Number of protein chains: 2
Amino acid sequence: MDELNIIDISKSLSNPVRLNILNWLKEPESNFPPHETVKHFNDGVCASYIQEKTQLSQSTISTYLSMMEKCGLLISTRHGKWSYFKRNEEVLRCYREYFE
Amino acid sequence: MDELNIIDISKSLSNPVRLNILNWLKEPESNFPPHETVKHFNDGVCASYIQEKTQLSQSTISTYLSMMEKCGLLISTRHGKWSYFKRNEEVLRCYREYFE
DNA sequence: CAAACATATCGATAAATCTCGATATGTAGA
DNA sequence: TCTACATATCGAGATTTATCGATATGTTTG
């Protein structure tokens, strides 16, 4: 992992809401209600559930999720009209290893 | 390590100059000239050497080093009129573990 | 195709950060 | 105590980030 990515990941992690999102996604079952059309959390949690939990505006959360995806922290998957987001554990591992 | 500290550490790490400083301090011998009054790097590197290497102003680097110390990333030690800075490996370990 | 809905993008404004020069503080030595 | 020097702090302007409402895009279904 190169330095540019480390900077962008660190920027994502330097905001409490974004840090919360990353933490909530560790255990979607206990932090979010079940999805209606998808019966599992294999691809993570849909954006609207995350937005609802944060109490910030839809546009803000969409921007946050997008920047977290761009730097690699999250993986997004589109199912119909919903976008699901889950943690990218491999990128997180690389980020940790950078500081070893 | 609580969330507040994670935020402040992430902020420190989200600036390329500060990230460089942290990396340089991994190997002071190969990144800095020897000190004159102190014959080792046991307490890290003095602020003026770091400032010189970054090419930023003295006040900027002093602020950077201070914020990196406040969040725990660095340990500072005063020897006479010089302040030495070294990595705080324990805090770095806690930071890494937070994301496991 | 039209309506409904989830998400993304576009300005805009307020707040925070970056970075500096100027100045203050602390320390060593004449 | 006076000077020199290393570091810290202050105040300010430029840049970036946070966050919003409005609007655009994409998807499903009647």
Side-chain angles (χ1 to χ4, degrees), chain A residues 4 7-22 25 32-38 41 43-71 73-86, chain B residues 3-4 6-22 25 32-38 41 43-71 73-86:
Chain A
L4 279 184
I7 298 290
D8 285 341
I9 294 175
S10 299
K11 279 184 188 169
S12 282
L13 297 174
S14 69
N15 174 286
V17 173
R18 290 190 296 260
L19 187 60
N20 280 338
I21 292 172
L22 191 71
L25 291 179
F32 298 97
H35 292 123
E36 293 174 8
T37 53
V38 185
F41 290 103
D43 291 320
V45 179
C46 74
S48 49
Y49 280 6
I50 297 174
Q51 188 246 314
E52 191 178 7
K53 200 171 170 82
T54 61
Q55 299 280 47
L56 289 180
S57 75
Q58 183 267 326
S59 66
T60 297
I61 295 308
S62 177
T63 305
Y64 280 8
L65 292 173
S66 165
M67 83 182 276
M68 292 174 81
E69 192 213 347
K70 275 203 188 75
C71 74
L73 274 179
L74 300 183
I75 297 170
S76 83
T77 312
R78 186 113 192 187
H79 285 192
K81 53 185 172 180
W82 290 278
S83 281
Y84 295 80
F85 293 86
K86 67 175 172 184
Chain B
E3 184 178 301
L4 279 184
I6 297 291
I7 298 290
D8 284 342
I9 293 175
S10 299
K11 280 184 188 172
S12 283
L13 297 174
S14 69
N15 174 286
V17 173
R18 290 191 296 261
L19 188 60
N20 281 338
I21 292 172
L22 191 72
L25 292 179
F32 298 96
H35 292 122
E36 293 172 9
T37 54
V38 186
F41 289 105
D43 290 320
V45 179
C46 74
S48 49
Y49 281 5
I50 297 173
Q51 187 246 313
E52 190 178 7
K53 200 172 170 81
T54 60
Q55 298 281 49
L56 290 179
S57 76
Q58 183 267 325
S59 66
T60 297
I61 294 308
S62 177
T63 305
Y64 280 8
L65 293 173
S66 165
M67 83 180 276
M68 292 174 81
E69 191 213 348
K70 276 205 188 73
C71 74
L73 274 178
L74 299 183
I75 297 170
S76 83
T77 311
R78 187 114 192 185
H79 285 192
K81 53 185 173 180
W82 290 277
S83 281
Y84 295 80
F85 292 87
K86 67 176 174 183

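Please read these numbers as outputs of a predicted model, since none were measured by experiment. Per chain, numbering begins at 1; letters A, B, ... match sequence-line order.
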| message | Tell me if the CD atom of Glu52(B) is crowded by more than 12 foreign heavy atoms within 6.0 Å. | response | no
| request: May I have the distance from Tyr64(B) (atom OH) to dA8(D) (atom P), rounded to whole angstrom? | output: 15 Å
| field | Nucleotide dC5(C), atom C1' - distance to NE2 of His35(A) in whole Å | value | 15 Å
| Which atom of Cys46(A) lies closest to which atom of His35(A), heavy atoms considered | N-NE2, 3.1 Å
| task | Name the nucleic acid region contacted by Ser83(B), choosing base, sugar-phosphate or nothing; use a 4.0 angstrom heavy-atom cut-off, strictly under. | result | sugar-phosphate
| said: I need the Ser83(B) OG to Asp43(B) CG distance, nearest 0.5 Å. | reply: 10.5 Å
| For atom NZ of Lys81(A) and atom P of dA6(C), their distance in whole Å | 6 Å
| note | DNA chain D nearest-nucleotide lookup for Gly80(A) and Val17(A): closer to the 5′ end is Val17(A)
| Between Met67(B) and Arg18(B), which heavy-atom pair has the shortest distance, and what is it? | SD-NH1, 3.5 Å
| field | From Ile9(B) atom CD1 to Ser14(A) atom OG, the distance as rounded to the nearest 0.5 Å | value | 12.0 Å
| So which heavy atom on Ala47(B) is nearest to which on Ile61(B), and how close? | O-CG2, 4.4 Å
| query | Where is the tightest heavy-atom contact between Trp82(A) and Ser48(A), given as atom of each residue plus distance? | reply | CD1-OG, 4.5 Å
| request: Please check the phosphate of dC18(C) (OP1 and OP2 only) for any side-chain N or O of Thr60(B) closer than 4.0 Å. | output: no
| said: Check this for me: does the side-chain of Gln58(B) come within 3.5 Å of the base of dA8(D) through a donor and an acceptor? | reply: yes
Just the atom pairs and distances: protein N or O near nucleotides 11-14 of chain C's N or O, under 3.5 Å.
none

| Smallest separation among heavy atoms of Glu3(B) and Pro16(A), with atom names | OE2-CB, 4.0 Å
| query | Within less than 4.0 Å of OP1 or OP2 of dC5(C), is there a side-chain N or O belonging to Ser48(A)? | reply | no
| said: For a quick test of reading the model: is some side-chain N or O of Thr63(A) closer than 4.0 Å to OP1 or OP2 of dT9(C)? | reply: no
| task | Could you check how far CG of Leu13(B) sits from P of dC18(C), rounded to whole Å? | result | 12 Å
| Whichever of His79(A) and Ser57(A) has its nearest DNA chain D nucleotide further upstream toward 5' | Ser57(A)
| remark: Atom CD1 of Ile61(B) and atom C1' of dC20(C) are separated, to the nearest Å, by 12 Å
| Integer-rounded Å distance: dA6(C) C1' and Leu65(A) CG | 13 Å
| request: Mind calculating the distance between CD (Glu52(A)) and P (dT7(C)) to the nearest angstrom? | output: 11 Å
| Out of dT9(D), dT7(D), dT9(C), which nucleotide sits closest to the side chain of Ala47(B)? | dT7(D)
| field | Atom-to-atom span, CD of Glu36(A) to P of dC5(C) - whole angstrom | value | 12 Å
| task | Check for a donor-acceptor pair, side chain of Ser10(B) on one end and backbone N or O of Ile6(B) on the other, with a separation under 3.5 Å. | result | yes
Close N or O pairs between protein and nucleotides 13-17 of chain D (under 3.5 Å):
unit_1, atom_1, unit_2, atom_2, d
dT17(D), OP1, Lys11(A), NZ, 3.0

| Of all heavy-atom pairs between Val17(A) and Asn15(A), which one has the smallest distance, and what is that distance? | N-OD1, 2.8 Å
| task | Would you indicate what Ser59(B) reaches in the nucleic acid, counting non-hydrogen atoms under 4.0 angstrom: base, sugar-phosphate, or nothing? | result | base
